[in-house]
Engineer: 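Below you will find the structure I want to go over with you.
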Number of protein chains: 2
Amino acid sequence: MSVTRVLSALAEPVRLSAIRIIWDGGEHCVCELMQRLNATQSRMSRHMGVLKAAGLVVDRRDAQWVRYRRNPDLPQDIVRIVDAVLAAMDKPGKIAA
Amino acid sequence: MSVTRVLSALAEPVRLSAIRIIWDGGEHCVCELMQRLNATQSRMSRHMGVLKAAGLVVDRRDAQWVRYRRNPDLPQDIVRIVDAVLAAMDKPGKIAA
DNA sequence: TTTTGATATGCGCTTATGCGCATACTATCG
DNA sequence: CGATAGTATGCGCATAAGCGCATATCAAAA
């Protein structure tokens, strides 16, 4: 769980938007994310792979879907980073992602 | 002042370490930073340029030196991101940068 | 004005990142 | 089993990032 790794993972618009969606605590399949973020399948899948490798999310097979959700074991210091980033994104003057 | 831009700027070990040093509120010349971070002159200079372009730091000419310091006009939401990142860096189990 | 110290920058190179395309893999359904 | 839906991945390509080297710039000092 490297800080730099986490920052790199967050420093990409599609991934950051995905985190924002996933941060609702629920589970989200790739098909949902790719539609909502207007990304191709392989693009979305790879971005989720990066987020997973960074330790930010975990996945689960559910029939033909793979459900991604926030990593429940994420250290507090990392959670604070993500929360701060998401909060900053919501401020006026900041374009989404 | 884009969130993604800030995250990219922070997502590099030398730059992150530089931010940590600069976040003491004081002014620091490139020569000091390059020594403390064990970087070459051009490397350090370029990294500082990235941090400056991201809006995290400002610089000032002082004789033959250029003094970098924390951008005093940094929006609160961005400050919170940096603070959270630096806090996470200091935790055990996280290698510097 | 020449020299010296500090910093920035053009250039070329190497590596990393992001992407689409096609294809493989996994699981359900008929 | 064959067809279908969702997801991952190998491959090649284009672009960006990071680096060192040499050189330019800028200001003080001799």
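Each chain gets a letter, A, B and so on, in the order its sequence line appears, and its residues count up from 1. Worth knowing before you read on, the calculation uses all heavy atoms, side chains too, and leaves out hydrogens, waters and symmetry mates.
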Engineer: Return the value, rounded to whole Å, for the distance between atom CZ of Arg60(A) and atom P of dA8(D).
Structural biologist: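 It is 14 Å, rounded to the nearest whole Å.
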Engineer: Which of the following nucleotides, dG18(D), dT7(D), dA6(C), is nearest to the side chain of Trp65(B)?
Structural biologist: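 The closest nucleotide is dA6(C).
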Engineer: Which residue, Ala11(A) or Ala63(A), contacts DNA chain C at a nucleotide closer to its 5' end, judged by nearest heavy atom?
Structural biologist: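 Looking at the nearest nucleotide for each, Ala11(A) comes out on the 5' side.
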Engineer: Less than 4.0 angstrom between a side-chain N/O of Tyr68(A) and OP1 or OP2 of dG6(D), yes or no?
Structural biologist: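 For Tyr68(A), the contact criterion (side-chain N or O under 4.0 Å from OP1 or OP2 of dG6(D)) is not met.
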Engineer: Can you check the Arg46(B) CZ to dC21(D) C1' distance for me, whole Å?
Structural biologist: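 Going from CZ in Arg46(B) over to C1' in dC21(D) covers 10 Å.
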Engineer: Take atom CG of Leu33(B) and atom P of dA6(C), then tell me their distance rounded to the nearest Å.
Structural biologist: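 Whole-Å distance recorded here is 14 Å.
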Engineer: Determine: side-chain N/O of His47(B) to OP1/OP2 of dA17(D), distance under 4.0 Å, yes or no.
Structural biologist: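 The answer is no; no side-chain N or O of His47(B) sits under 4.0 Å from OP1 or OP2.
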Engineer: Asp73(B) versus Val58(B): any side-chain heavy-atom pair under 4.5 Å?
Structural biologist: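 Sidechains of Val58(B) and Asp73(B): no contact.
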Engineer: Figure out the CZ/P separation between Arg5(A) and dA16(C), and round it to whole Å.
Structural biologist: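 Nearest whole value for this atom pair: 13 Å.
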Engineer: So which nucleotide from dC19(D), dA6(C), dA8(C) ends up closest to the side chain of Cys31(B)?
Structural biologist: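 Nearest to the side chain of Cys31(B) among the choices is dA6(C).
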Engineer: Send over the distance from Met44(A) CE to dT7(D) P, rounded to a whole Å.
Structural biologist: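 Those two atoms, CE and P, are 11 Å apart.
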Engineer: Are any of the side-chain heavy atoms of Asn71(B) and Val57(B) separated by less than 4.5 Å?
Structural biologist: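 In short, these two side chains do not touch, never coming nearer than 4.5 Å.
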Engineer: If you measure from the Lys or Arg side-chain nitrogens to the Asp or Glu carboxylate oxygens, is any gap between Lys91(A) and Asp77(B) under 4.0 Å?
Structural biologist: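 Result for this pair is no, no salt bridge flagged.
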Engineer: For Arg67(A) and dT7(D), is the shortest distance between a side-chain N/O and OP1 or OP2 below 4.0 Å?
Structural biologist: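 For dT7(D), OP1/OP2 do not have a side-chain N/O of Arg67(A) under 4.0 Å.
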Engineer: In whole Å, what is the span from the CD atom of Gln41(A) to the C1' atom of dC25(C)?
Structural biologist: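 About 12 Å, once rounded to whole Å.
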Engineer: Please tell me which of Val50(A) and Ser42(B) maps to the more 5' nucleotide of DNA chain C, matching each residue to the nucleotide holding its nearest heavy atom.
Structural biologist: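 The residue whose closest nucleotide sits nearer the 5' end is Ser42(B).
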Engineer: Just the rounded figure in Å: distance from P of dT7(C) to CE of Met48(B).
Structural biologist: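 Whole-Å distance recorded here is 11 Å.
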Engineer: If you define the side chain from C-beta out and look only at heavy atoms, does anything of Met34(B) sit under 4.5 Å from Thr40(B)?
Structural biologist: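 Contact flag for Met34(B)/Thr40(B) side chains = no.
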Engineer: Does Thr40(A) put a side-chain nitrogen or oxygen below 4.0 Å from OP1 or OP2 of dG20(C)?
Structural biologist: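 Affirmative; the distance criterion is met.
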Engineer: Starting from C1' on dT7(C), measure out to CD on Gln64(B) and report it in whole angstrom.
Structural biologist: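 Interatomic distance, CD of Gln64(B) to C1' of dT7(C): 10 Å.
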Engineer: So, do Ile21(B) and Arg36(B) sit near enough that their side-chain heavy atoms are less than 4.5 Å apart?
Structural biologist: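 In contact.
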Engineer: Would you say Arg15(A) reaches dG18(C)'s phosphate, i.e. side-chain N/O to OP1/OP2 under 4.0 Å?
Structural biologist: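 For dG18(C), OP1 or OP2 has a side-chain N or O of Arg15(A) closer than 4.0 Å.
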Engineer: Among dC26(D), dC19(D), dT7(D), which is the nearest nucleotide to the side chain of Arg61(B)?
Structural biologist: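 Of all the options, the side chain of Arg61(B) is nearest to dC26(D).
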